[in-house]
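Notes to accompany the following structure.
Both backbone and side-chain heavy atoms feed into the values below; hydrogens, waters and symmetry mates do not. In what follows, every chain begins at residue 1, and chains take the letters A, B, ... in the order their sequences are listed.
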Amino acid sequence: MKKFLVFLMAMLTALVLAACTTSENAGEEPEDDAEPDTTEQDDTANEEENNATDQETEEKVLRLNNGIEPTSLDPSIGFDAVSWDPLNNLMEGLTRLDQDSRAAAGVAEDWDISEDGLTYTFHLREDANWSNGDPVVAEDFVYAWKYMLDPETASSAAFLGYFIEGAEAFNNGDGTADDVNVTAIDDKTLEVVLEAPTGFFLDLLTNPAFFPINHQVAQENPDWHTEANTFVGNGPFQLESWEHDVEMVFTKNEHYWDAGVVNLEKIHFAMVNDTNTQYQMFESGELDTASIPPELSDQLIDGDNVYIGDYGGLEFYRFNITEEPFHNKNIRKAFAYAVNRADIAEYVVKNGVEPAYGFVSPGFTGPTGTDFRAENGDLVSFDPALAQDYLEQGMAEEGYDELPEIVLSYNTSDANKAVAEALQSMFNEHLGVEVTLENQEWNVFAEAQQNLELQLSRSSFINDYSDPVNFLESFVTDSYMNRTGFSSDAYDELIAKGKSETDEEQRWEYLYEAEKMLADEMIAMPIRYYNTVVLEADGVSGILRHPVGYFDLKYADKK
Amino acid sequence: MLRYILKRLLIMVITLWIIVTLTFVLMVSIPGSPFNSDQTSNETVQENLERHYNLDKPYHIQYLLYLKSIATLEFGPSIKQPNQTVNDLLGRSFPISFELGMVTIIVAVISGILLGIIAALRHNGIVDYLAMGVAVLGISIPNFILATLLIQQLAVNAEWFPVATWSSPAHMVLPVLALATGPMAIIARLTRSTMLEVLTQDYIKMARAKGLNPWKIIFKHALRNALMPVVTIMGTLLAGILTGTFVIEQIFAIPGMGKYFVESINHRDYPVIMGTTVFYSSFLIIMLFLVDIAYGILDPRIKVNKKEGE
């Protein structure tokens, strides 16, 4: 028996030891992996010294946070901010947004637009090159755009290409790649024929979905975009290393045609998904920019190191106009006029956001040089008396003594909940209406909203391209983005003209009218515009943050 | 013994199949699709996406495709990160979670058992109260609060450790502390209570009466019996901690696999849901099996193969 016990103890010790060895192995493993990292850590050390002594070495390194791993660095697939921010600095389209956020020459040096506004001929720069030294040729664009539109690719961005003749047919399977009217006239000349005149086509081309793909590289290796060593870009920076889920490192791309204006030598993109953590890292100097955690908004928002800018987007609530009681326009208006947006922006959402009294966010400059929002003015206001009038009128029209039960729905999040509760108390106070709040997990919510199962539900819109029509066209009949049941021939026509009118001033008139019509029908009520709020460390300058899309580090600098 | 192991293996496979099937049914019955987003889209784009990921196929075909992917251990590309296969994601993140988890478990077990023994030996003394006070705190403070406190105090204020990310041993200290405290407290309390029970047993009194070395009594005779409940919880604890923890990984920006369990479901990333489920369930089943074997080693009275036991 005693022997047996000794044997058992030995077994146990062996087991413990075995456990220890595994853990030691586990500890060693990343050390092996970390070999290339060692240099990186040295960099970190160097850089910290830099910060301290400021002039040890001249290398300018910017440390940013991408939040999470980019969905994809394939420009046709990565259809979200976490992919666009890196992509916009690794690659470049025919046009690129300039310091005033207007489409300016990118890979294309200049372009000719035909009289009818349908044919665009782009002249590519002679010195536009890929990071592997290949010249950027017209065929690279033809290849990239047809790849994006190919139904097999299943690109989420494909609909952006529908402005090109034959694109929609190819994407929905009715046509073929050859029907897409994009042609490489020669190596440096690209011709595109559009479906209809599109005044904002040059803006559209700044979207990463329209970036070129080095067709020789892509044909040889379809997975060229998945790792740093195979990635070939044509932007101000190149992808030096990419440790998935951990960090991307960009270095200055010497092959870039405008490399002379690029100041930064290196950019580190961390992937820290916790707002508090990234703020703490900013505080301790591990990051050069950070967002403001909501709970610290009041303390930090007025600081000198805070950048606040427009961001093309709207938080709003959709009415379901196919169901009682919101099939009645006056009842919809009553709700819209009972909302004190200024209070919601200042005390609920905070972070310096602007209340929304219209649908199209500020930041879109028209052909006459005025801002869309300023020109079309306030289309809804906070007016409890008027709201009461609308409610009485609406109830009389429907013969209600009492409103049917109303449920206000939102997808589960603390921020959404706070706004929903504010709305609930405003409806109660100014209309005397009790609404019930209901929150659902995002996917469940999105499906219910799409199927018109909700009465009054939260929505947000972020611009894909820099034109007011981007938001307004959501509400044309049967649009996938409609989600209200709204359908109006007059509105559809306004939007059609607002897309294809060649006289820009006239086109904008149609859009002003369309927005007014939305407000008159009040199928959705605006709450607030989005904005960009970023903490920037001392010495960081020149990061372009455009109202639509993604930031540009081409001119960024760090002292 | 061999027959017992074979039988267990067969049961494991059947258990796994039941789990996979249930997961599939639950997965397709929750509303929503992986392609819902706030961003602009249209029907054609949605149809192309669904076709691309075989989601336009009838459910029984999808089910067979999943079974096939599990049988071949090729789960295919993630929908959320289309350039990465599920195997890539798990293969890359599991070693990190495993490393963090292993260090955490070792710290928790050693400190927990020591704390438990000390408390039991100084029963109702000041040391006991102190140790148990620490344990109660450890159990009742959620690890994400502890994590935030640790970052604020030790990283931002004292600047002893980096705030977050995963690249050097120094980066490991805070997450290990945050993660180990809870299990340590549980183990300490378990060890203490069973130790107290065991120390009053006749055979311990007998050993003392024989004048054996008191340390030998504690570690050789008392502790081994007192460890049984600890071993019982080790199976689930190991499977839970080694496969990553969503919150701690998020706070410390550790690229472990914890996030895939939660995010795959939020995103309806079906291949990742299947991959993580199969991975976790196999892991848990194997851990429980090992625990059963360990019982037999620790306590010869428990026969794993009772039916054929002599």
Side-chain angles (χ1 to χ4, degrees), chain A residues 4 8-9 11-12 15 19-20 22-23 26-27 29-30 34 37 41 69 71-74 77 79-80 151-152 154-156 158-159 168 171-172 223 225-226 244-247 270-274 276-277 280-281 283-284 286 441-444 446-448 460-462 464 470 474 479-481, chain B residues 30-53 80-84 88-89 92-93 95-96 98-99 102-103 105-106 148 151-152 155-156 159 162-169 220 224 250-253 255 259 266-268 294 297-298 300:
Chain A
F4 186 60
L8 273 179
M9 283 308 281
M11 283 286 287
L12 200 71
L15 226 133
C20 289
T22 2
S23 77
E29 230 175 297
D37 276 7
Q41 277 164 20
E69 167 96 351
T71 303
S72 172
L73 289 187
D74 178 346
I77 299 294
F79 186 63
D80 46 19
E152 291 294 310
S155 161
S156 299
F159 71 93
E168 186 165 5
N171 192 236
N172 67 22
D223 291 329
H225 48 78
T226 58
H244 294 289
D245 269 323
V246 179
E247 188 181 50
M271 300 177 197
V272 180
N273 194 19
D274 187 272
N276 286 312
T277 306
Q280 306 276 36
M281 289 175 75
E283 281 289 277
S284 67
E286 292 170 50
E441 186 256 3
W442 160 249
N443 247 298
V444 177
E447 191 117 322
S460 64
F461 175 83
I462 304 290
D464 304 302
N470 192 195
S474 304
S479 158
Y480 185 76
M481 303 304 289
Chain B
I30 41 174
S33 106
F35 314 118
N36 275 334
S37 87
D38 255 355
Q39 275 163 313
T40 319
S41 191
N42 71 15
E43 279 91 0
T44 308
V45 166
Q46 295 283 321
E47 281 165 21
N48 287 341
L49 283 165
E50 281 180 10
R51 193 168 53 244
H52 192 79
Y53 290 100
K80 183 73 204 346
Q81 282 172 263
N83 300 327
Q84 312 275 324
D88 287 341
L89 293 180
R92 168 171 97 214
S93 58
I96 293 168
F98 186 84
E99 185 188 350
M102 213 60 205
V103 176
I105 290 278
I106 291 170
T148 321
I151 291 182
Q152 184 62 43
V156 177
E159 292 182 13
V163 176
T165 69
W166 190 251
S167 48
S168 72
K220 194 173 163 189
R224 217 187 61 199
Q250 163 132 340
I251 292 178
F252 289 101
K259 67 163 177 267
N266 285 342
H267 295 140
R268 307 289 190 271
I297 295 170
L298 273 179

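Proximity to chain A is limited to the side chain of Gln46(B), based on heavy atoms less than 4.5 angstrom apart. With a 4.5 angstrom heavy-atom cutoff, Thr165(B) touches chain A only via side-chain atoms. Using a 4.5 Å cut-off between heavy atoms, Phe461(A) touches chain B through its side chain atoms alone. Proximity to chain B involves both the backbone and the side chain of Met281(A), based on heavy atoms less than 4.5 angstrom apart. Of the atoms belonging to Gln280(A), heavy atoms from both backbone and side chain fall under 4.5 Å from chain B. Contact of Asp88(B) with chain A is not made at all, since no heavy-atom distance falls under 4.5 Å. Within the 4.5 angstrom heavy-atom criterion, only backbone atoms of Ser155(A) (N, CA, C, O) approach chain B.
Here the CD atom belonging to Glu441(A) is positioned 4.0 Å from the CZ atom belonging to Arg268(B), to the nearest 0.5 angstrom. The distance from the NE2 atom of His244(A) to the CD atom of Gln84(B) is 4.5 Å, given to the nearest 0.5 Å. Between atom CD1 of residue Ile30(B) and atom CD of residue Glu447(A) there is a gap of 10.5 Å, rounded to the nearest 0.5 Å. If you take CG on Asn83(B) and CG on Asp223(A), they are separated by 7.0 Å, rounding to the nearest 0.5 Å.
Remark: Glu69(A) does not engage Lys80(B) in a salt bridge, criterion side-chain N to carboxylate O under 4.0 Å.
The ring-ring contact (aromatic ring centres under 6.0 Å, His included) test applied to Phe35(B) returns Tyr53(B), not counting sequence neighbours. Under the rule for a ring-ring contact (aromatic ring centres under 6.0 Å, His included), His52(B) has no partner lying at least two apart in sequence or in another chain.
Among Glu47(B), Lys259(B), Glu50(B), the residue making the largest number of heavy-atom pairs under 4.5 Å with chain A is Lys259(B). With respect to chain A, the highest number of heavy-atom pairs below 4.5 Å among Ser41(B), Ala164(B), Ser93(B), Pro255(B) belongs to Ser41(B). Of the listed residues Ser72(A), Ala158(A), Ala154(A), the one with more heavy-atom pairs under 4.5 angstrom with chain B than any other is Ala154(A). Among the candidates Ser460(A), Ala446(A), Ser284(A), Ser479(A), the residue making the largest number of heavy-atom pairs closer than 4.5 Å to chain B is Ser460(A). Of the listed residues Ile77(A), Leu73(A), Asn470(A), Asp80(A), the one with more heavy-atom pairs under 4.5 angstrom with chain B than any other is Asp80(A). The residue among Gln250(B), Arg51(B), His267(B), Glu159(B) with the most heavy atom pairs within less than 4.5 Å of chain A is Gln250(B).
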Taking it one step at a time, do Thr277(A) and Val163(B) satisfy side chain to side chain contact (heavy atoms under 4.5 Å, CB included)? CA-CA 7 Å; Thr277(A) 306; Val163(B) 176; 4.1 Å; yes

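In this structure, the side chains of Asn36(B) and Trp442(A) come closer than 4.5 Å at one or more pairs of heavy atoms.
With no hydrogens or angles considered, a side-chain donor-acceptor pair links Asp464(A) and Thr40(B) at under 3.5 Å.
Using modelled atom types, one side-chain atom of Asn48(B) and one backbone atom of Asn171(A) make a donor-acceptor pair closer than 3.5 Å. Of the possible donor and acceptor atoms, one in the side chain of Asn443(A) sits under 3.5 Å from a partner among the backbone N and O of Asn266(B).
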